[in-house]
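Numbered from 1 within each chain, the chains take letters A, B, ... in sequence-line order.
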Amino acid sequence: METRFDHKQVEPKIYQSWEKSGFFNPDKLPAKGKPFTIIMPPPNANGSLHIGHALFVTLEDIMIRFWRMRGRKTLWLPGADHAGFETQVVFDKKIEKEGRNRFKIPREKLWQELWRFTQENKKIMEGQLRSLGASCDWSREKFTLDPDIIEKTQETFIKMYEAGLVYRGRRLVNWCVKHQTALSDLEVSYIERKDPLYYIKYGPFTLATVRPETKFGDTAVAVHPGDKRYQKYIGKEIEAEDLLGPIKLKVIADEAVDPHFGTGVVKVTPAHDPTDFEIGLRHKLEVRQVIDKFGRLNEKTGRYRGLKVAEAREKVASDLKERGLIKKIDEKYVHSIATCYKCGSVLEPLLLPQWFIKMEGLAREAIKVAESGKIKFYPERLKKVYLHWLKNIRDWNISRQIIWGIRIPAWHCECEPENWRVGTKAPRGKCPRCRSSWTEDPDVFDTWFSSGQWPFLSLGYPKSRDYKTFYPTDVMETGWDILFFWVARMIMLGLYRTGKIPFKVVYLHGLVRDKDRQKMSKSKGNVIDPLGVADIYGTDAVRMALTIGSLPGNDPIISEDKIRGYRNFTTKIWNASRFVVTGYDAKLKVRPRYSPNDRRHQKQLAEIKKRVTKDIENFRFHHAAETIYHYFWHTFADKIIEESKSRLGGENEADKAAAQETLLKLLKESLKMLHPFMPFVTEEIWQRLPRSAKAPRGKPSLLMVEKW
RNA sequence: GGGUGAUUAGCUCAGGGGUAGAGCGCUUCCCUCACACGGAAGAAGUCGCAGGUUCGAAUCCUGCAUCACCCACCA
C-alpha cells in the first residue's frame, strides 16, 4: 500500500467502479429484501452545488448505503429541478449583466435560452453529485420538465379543477414590481421597518395611516362597531376637503378595526390593502385601483400620476401638510411590511385574477397522517410547526407571470377575459359569442405545484412498475426551511393524487452556517464550496464533518478547521489499515490460538456495531459517526494495534496468527461501519485487503455491497 | 400578538436523575520500526438565573433572563 492516501486520484476511480458495477440500480442488486427508497430533492439546475447540497447528499447516501449493505432493495432516485421562479431570477441577473432585459425577449427565444442554461447546469451538477459520492441510480434520473412530468402535472390541475378544488380568484395578490409576477403567501418575506405614521384629517375625523398615497383609492372610512366615540357617524356619509377636491366617504363599522390603534378610525382602500379588501367584500365597497403593476400611481390620481409609490407618499404628505390636513406625524412607528423574498422590494397588493387552490380539504388529510403517526417527523418538534401551518392554511395562488415553468392548461376568449376553459388543448372552434379563437393562459404554475407531486411523478405514476414497487417511499430528507413550501405540499398532493402518503418519514436537516453562525450566502462571501474543500481534504472528510454536529432540525456549523480534523481521521484510517494489511502474513498456516483479549475485542466491536446500527436506524447519524470515529481511533488504533505489536513480532506462531486474524476481522468490520459515512477511503482499503479475506472465491467484491 | 429552539471547557458542539464529555485550541515531553494530518501526559467548566420534585438535578417541573428563528391581514 502507498504510504499516503491520494484522494484526488482514488475518488474518481472508485466512483467509476461503483457505477460500473450497476449496483446503484436496485434491479441489479441480488437483494431480496423489501425496497428502501429515497427520492432525492432535485437540486436547482441554475448554479453549482453548495455546502447545503453536500449535506443532503451525505445524509441520504448514509441511509442508502447502510440499507443497501443490510440487503434492502435500495433505490435513490436522482433528479434536477428547473426551479421556475428561482431560475428565472438567476437568469434575469445574468442577462441583465449582458445589458439585456427579459421583458424584451420573445417567449419562445427566452424559453430556449433558459432550457440551454439549465441543461448546462444540470450536467455540471451531475458531475458534482458523483464527486460527492452519491450512490444514486442514474438510469432513473428525472428532470422536472420531462414530458411525462409536465403532462401529469397539468392533469392534476385539470382534475382538481373538475373537482372544484381549483378556482379563478379575484383577490389581492402579492405583486413584485421588479419581477412582474405574483407570489404565494409563503414567498412573502416580512421585515420590520420604521415609517412615519401620518394623522390625517378626513372631515370630522382624524385617522392614522402610513400610506397616504393610497388615499385616492379610499372608498370608505371604518370604525369599530362598538366604539362609542363614533356611533353617530356609522352609516352616514362624511365630506372632506382633499387634494383633488372635495370627497364623500361612507362610514362603516367593521370588527377588523382596532379601536385602540391610532384614533380608532381607518381609511379603507380595498384595492391596495389586504385587510381593507376583506372589509370591502363585507360591505360591498367599490374597489378603486390607483397603483399599477409597475408601482406607479395611475390616471385616477390626477397630478400624481406616474409617480412611484415612495415618491408619491412624500409628495402627498407634503401637500397635505401644506393644506393643514396633517394633524401630527409619529416618526417612530415600527411595523412590518411585505417584501419579495428574492429581491427585497416592497410588494404591492394588487387586484389580479389568478388560479387558486382550495387548501382546507387537502390540509385536513395531511393533518391526519401526521397526527396519526403514519408519517413520522425528525425532529419531532417540527411536526407541531407543520400542523400549525396546515391548521391555519390559506388558499394557494399557483399562477406565476413568468415563462419558465409548466404552462397552466387554461384558455380564454377575447370577449370575456374571465371566460375560461380548462384543458391541455384549446377548445374546438371559436368562442360562440365573439367568434374569436381561444387564447392560452400565459402564466405558468408555481414550481412547488409540480414539485409537490415529485415523489409519485418521478416514479412514473400511475402505471409503472417502479411506482408500484417503490411508492410510498421511505424517507424524505430535506431542509427544514422548505417544510411548508415542499414537504407539506408533497403530502397534500400525494394524498390527493395517489391516495397514499408519499413517504413514511420526514427527516429535516438544518441550514449550514459558518463559524459565526451566519447563513452562507454569496453576497456575504462566506460560502464554503463543498467541491473546493473536498478537493483539498477529500470528500470523505467533508462528509464526516457534515455528519458530525448535524442533528435533525439543527443548523450545523462548519469550518475548514473541522474538515481538516476529519481529513486527519482519513489519514488515520489509511495508516492503521496499512499497518494491518502490510503486516499480514498470508503464509502463516498455523491455526490461530485466540486469547481472552481477542475475544473481548470481538465482543466489544459487536457491541459498537449494535449501537451504530441502532443509531442509523433511528436517524441519529451524528451519533453513529462519532461512535465509530472514537472506536476506530482511540480503541482500535491506539490500544488494540499497539497491543498487537509485540505479538506480531513474537515467536509464538499460533498467537501471532490470532493477533493478525483479530486485527483483520476488526478492521473489516470497522471499514463496513465507516463505509456509509466515508465511502471512498474505506472502499479503496477494502480492495487492498489480503486476498483470501476479501474474495474467498476470487470474485471481485465491493465493500459497497458487503453484508452489514 | 402567538410559537419553537438554544444557553455545558477559550471556540464549535454531543450527552442526559447518581462523582462532567468530544473535536479544535492550549501546556509539557517524544520525528519509537502504521501514522507529526502522529503518540504520551496534562491544565481547563459551581452544565444561563431563581425556585420546586427527589435520598440525589447539569439532566425532570415552574418562572425569569438573554440570543436566534418561525408564524400572524399592527391601518
* To do: Just call it for A/Leu207: base, sugar-phosphate, or nothing, with non-hydrogen atoms closer than 4.0 Å on any strand.
  => nothing
* **Separation of the P atoms in B/C11 and B/C47, to the nearest angstrom** => 16 Å
* To do: Under 4.0 Å between any heavy atoms, over every strand shown, what does A/Phe484 touch: base, sugar-phosphate, or nothing? Just pick one.
  => sugar-phosphate
* Have a look at A/Lys562 and say if it touches a base, only the backbone sugar-phosphate, or nothing, with a 4.0 Å heavy-atom cut-off. => nothing
* Asked: Any donor-acceptor pair under 3.5 Å between the side chain of A/Arg567 and the base of B/C37?
  -> yes
* Contact class for A/Asp638 (heavy atom, under 4.0 Å): base, sugar-phosphate, or nothing? -> sugar-phosphate
* To do: With P as the reference atom in both, quote the distance from B/A22 to B/G45 in angstrom, rounded to an integer.
  => 14 Å
* **Sugar-phosphate only, base, or nothing, as touched by A/His634 at under 4.0 Å among non-hydrogen atoms** => sugar-phosphate
* A/Lys328 vs A/Thr206, side chain to side chain donor-acceptor pair (under 3.5 Å): CA-CA, chis, key distance, verdict -> CA-CA 10 Å; A/Lys328 70 168 182 179; A/Thr206 299; over 6 Å; no
* Could you tell me whether the side chains of A/Thr275 and A/Glu278 share a donor-acceptor contact shorter than 3.5 Å? => no
* Base, sugar-phosphate, or nothing for A/Arg193, non-hydrogen atoms under 4.0 angstrom? -> nothing
* Give A/Asp258 one of three labels, base, sugar-phosphate or nothing, depending on what nucleic acid heavy atoms sit under 4.0 Å from its own. => base
* For A/Ala256 and for A/Val385, locate the closest nucleotide of RNA chain B by heavy-atom distance; then report the residue assigned to the nucleotide nearer the 5' terminus. => A/Val385
* Quick one: look up who B/A57 pairs with, Watson-Crick or G-U, both distances under 3.5 Å, and put none if it's unpaired. => none
* Asked: So what does A/Ser336 touch, heavy atoms closer than 4.0 Å: a base, only the sugar-phosphate, or nothing?
  -> base
* Asked: How is A/Ala222 classified with respect to the nucleic acid when contacts are heavy atoms under 4.0 Å: base, sugar-phosphate, or nothing?
  -> nothing
